Asks: 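Here it is: the structure, laid out below.
Note that this is a predicted model, so its numbers are computed, not measured. Quick note on labels: first sequence line is chain A, next is B, and so on, each numbered from 1.
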Amino acid sequence: MEQIIAKDLYFTYDKQTPALKGVNFTVQKGEYVAIIGHNGSGKSTLARLLNGLLTPTLGTITVDGIVVGDKKTLFEVRKRVGVVFQNPDNQMVASIVEDEVAFGPENLGVPRKEIKERIDFALSAVGMQDFKRATPSRLSGGQKQRIAIAGVLALKPDVLVLDEATAMLDPQGRKEVLSTVQKLNKEQGVTVVAITHYMEEVTKADRVIVLSDGEMVFTGTPKEIFLKQKELKNLGLEVPLAVYIAQKLKEQGVEIDGDVLTQSDLAEALCKL
Amino acid sequence: MKDVTFGQYYPANSIVHSMNPAVKILLTIAYIVAVFMVKQFYFLGFAACLLAVILITILAKIPFLKVLKSVKAVIFFVLLSAILQLLFNKNGTPLWKGGFITDVGLLTAGFITARIVLMVLGATLLTLTTSPVDLADGIETLLFPLKLIKFPVHEFALIMSIALRFIPTLIDETDRIIKAQKARGADFDSGNIFKRAKALIPVLIPLLISSFRRADELADAMDARCYAGSKKRTKYKKTPFTVSDFFGLVFMAGLIVGVVFLNGFII
């Protein structure tokens, strides 16, 4: 089922230089889509359009058939599409984890007893159930970002949009957040739209959309995208090191079996030689 | 700088800590009223207040030194008012022949000192046993009646709690900016006061600008989580009125009755 349908999305901040110029794409229910592009490619604009923080200048975007950008249905859309932003410090409202997670459901007017259940659900979904009474400012970046995800999950969204949610984290934190997101996608069936400029993060996606200068340049599985190494390089994007090594080895005539996307894939392929 | 705890909250597991913050604020006000109810020179009333402070400190499991330290902040003010009384109070008879210090002056100095010190001790017990977040919560509860005159109580409370939430973040940021400026040769530690104040400008401006950026991002994040003001909003946090609050009320009523009673005795 198509959950998100974007048609001819066109957006401009200042009426002169468009940030998006006619983007078309659909996202299936339960799909994990990665949107990748260099700085200024329009990917963050796209994240903001997805839950109505911005309204498209031209074109339409619908979520579960609801048009995004209409004032009357704004909250219906925002309930369905949760966004996790880049800086964990700048998206927290409360000084205590459980109050932070409660913020969304409180806004929706959810009764207190159900808020309690939602907090427990959201915190255990991100593996932070032991930190209910903790202070976010004392947690690590990865933990903070998982709390931010829990804060969004408490709204029970169908779609989780990550707007470069790992960009400010250390490798450990990035790992924590990515595996949490993957788990949510696989176990809870949450549709994920992950916006990033790290190529390593797209390997786990079902589908990748490559944006450049406000236009969609490629779309396909990670494997298909990685084959376009030269084109990606021209766009200022690098394929992951493991993929790069595998391709170079293949060019040199080394027989690499299977599809190498990650380092462990590469290690396995090399061991088979 | 990361471990700076703002306010002076002293975490402990005690009956005083677990009290409803709104009740605690009211009781603190009642206590200050009790201190002011002590009639001039009826020092027994002060003894009752001091006893109350000691009892609460024990119940709250706070070291006495921590409570006493708070007086340091007002010591200058206390000494100044005491000395002024001693030097310029011309009522009563001089303590020695031709002396300028009178008996009434001495009593008044002692009285004022005791009043200020006891007041500060009581207020300190509130901030020692209540975290800033709970204090903000208590203030929100107490402001609730203002809703009748359309005062935006919820918004005000949210602003308070967001301000508290951002204190550690901004301390971190200040720290980072100072280090960055030092790395470029900025000098914060030498020169006269004007020079030092001026040296802080390259810290304050980036801090201000980044605060605006943070505010902007926070607003987006709140929007994304369906924030729409106080309309239809429910509240998760609940601070019930418990047995300890009841005991607190009884305790404070006892103190006030005691002070009124002791106002009948003079030493």
Side-chain angles (χ1 to χ4, degrees), chain A residues 44 47-48 50-54 74-96 98-119 133 135-139 144 148 151-157 161 163, chain B residues 1-7 9 11 13 131-137 140 154-155 157-173 175-176 210-240:
Chain A
S44 273
R48 269 145 216 273
L50 283 173
N51 80 336
L53 284 174
L54 296 174
L74 204 55
F75 286 94
E76 284 307 308
V77 171
R78 287 184 182 161
K79 251 194 266 181
R80 285 176 169 78
V81 183
V83 186
V84 179
F85 295 90
Q86 186 173 14
N87 190 334
D89 281 325
N90 293 356
Q91 50 186 315
M92 297 212 175
V93 187
S95 310
I96 289 165
E98 62 174 338
D99 295 346
E100 170 62 29
V101 180
F103 182 74
E106 280 178 335
N107 290 338
L108 295 179
V110 173
R112 188 167 180 276
K113 216 183 123 212
E114 201 192 321
I115 295 182
K116 216 169 170 171
E117 290 163 16
R118 285 190 183 204
I119 292 173
R133 299 290 306 159
T135 306
S137 64
R138 299 192 181 224
L139 301 176
K144 278 188 213 169
V152 168
L153 283 182
L155 289 162
K156 303 229 162 145
V161 176
D163 184 8
Chain B
M1 238 170 144
K2 210 167 175 159
D3 272 327
V4 167
T5 43
F6 46 96
Y9 181 53
N13 203 351
S131 72
V133 181
D134 287 343
L135 267 182
D137 238 42
E140 184 187 1
H154 157 76
E155 281 78 4
L158 189 73
I159 291 169
M160 265 197 306
S161 67
I162 288 177
L164 287 174
R165 138 81 189 82
F166 271 91
I167 288 172
T169 309
L170 292 181
I171 288 176
D172 276 357
E173 174 113 62
D175 205 28
R176 214 162 35 233
S210 93
S211 303
F212 276 111
R213 203 193 57 232
R214 283 179 195 280
D216 228 24
E217 282 182 29
L218 183 71
D220 267 353
M222 285 167 71
D223 264 344
R225 280 160 77 190
C226 303
Y227 180 70
S230 54
K231 266 181 272 161
K232 278 197 299 177
R233 207 164 183 272
T234 46
K235 204 159 156 40
Y236 166 67
K237 204 168 184 179
K238 219 168 148 187
T239 35

Asks: How long is the straight-line distance from CG of B:Asp216 back to CG of A:Asn90, given to the nearest 0.5 Å?
Replies: 10.0 Å
Asks: Kindly determine whether A:Arg78 and B:Asp223 satisfy side-chain contact (heavy atoms from CB on, under 4.5 Å), including the steps that lead there.
Replies: CA-CA 8 Å; A:Arg78 287 184 182 161; B:Asp223 264 344; 3.9 Å; yes
Asks: Less than 4.5 Å to any heavy atom of chain B: does that hold for the side chain of A:Phe103, its backbone, both, or neither?
Replies: both
Asks: Once rounded to the nearest 0.5 Å, what's the spacing between atom OG of A:Ser137 and atom CD1 of B:Ile167?
Replies: 10.5 Å
Asks: Indicate the atoms forming the closest heavy-atom contact of A:Asn51 with B:Ala224, along with that distance.
Replies: ND2-CB, 3.4 Å
Asks: Just how far is it from atom CD1 of A:Ile115 to atom NZ of B:Lys238, taken to the nearest 0.5 Å?
Replies: 11.5 Å
Asks: With a 4.5 angstrom heavy-atom cut-off, is it the side chain or the backbone of A:Pro136 that approaches chain B, or both, or neither?
Replies: neither
Asks: For B:Arg233 versus A:Asn107, what's the shortest heavy-atom pair and its separation?
Replies: NE-OD1, 2.6 Å
Asks: To the nearest 0.5 Å, what is the distance between CG (A:Asp89) and CG (B:Asp172)?
Replies: 7.5 Å
Asks: I need the residue from B:Arg213, B:Arg214, B:Met222, B:Arg225 with the largest number of non-hydrogen atom pairs under 4.5 Å to chain A.
Replies: B:Arg225
Asks: After noting the C-alpha distance and the side-chain angles of A:Arg48 and B:Asp220, does the key distance pass the side-chain contact (heavy atoms from CB on, under 4.5 Å) rule?
Replies: CA-CA 9 Å; A:Arg48 269 145 216 273; B:Asp220 267 353; 2.3 Å; yes
Asks: Would you please test B:Lys235 and A:Glu106 for side-chain contact (heavy atoms from CB on, under 4.5 Å) and show each step?
Replies: CA-CA 6 Å; B:Lys235 204 159 156 40; A:Glu106 280 178 335; 4.3 Å; yes
Asks: What option among A:Arg112, A:Gln91, A:Lys116 has the most heavy-atom pairs under 4.5 Å with chain B?
Replies: A:Arg112
Asks: B:Lys237 versus chain A, heavy atoms under 4.5 Å apart: side chain, backbone, both or neither?
Replies: both
Asks: I need the residue from A:Met92, A:Glu98, A:Glu100 with the largest number of non-hydrogen atom pairs under 4.5 Å to chain B.
Replies: A:Met92
Asks: Between B:Tyr236 and A:Ile119, is a side-chain contact (heavy atoms from CB on, under 4.5 Å) present by the stated rule, with each step listed?
Replies: CA-CA 10 Å; B:Tyr236 166 67; A:Ile119 292 173; 3.4 Å; yes
Asks: Could you give the distance from CZ (B:Arg165) to CD1 (A:Ile96), rounded to the nearest 0.5 Å?
Replies: 12.5 Å
Asks: Sort out for me which of A:Ala154, A:Gly151, A:Gly82 touches chain B most, counting heavy-atom pairs under 4.5 Å.
Replies: A:Gly151
Asks: For the interface with chain B, which of A:Asp99, A:Asn87, A:Val84 has the highest count of heavy-atom pairs at distances below 4.5 Å?
Replies: A:Asp99
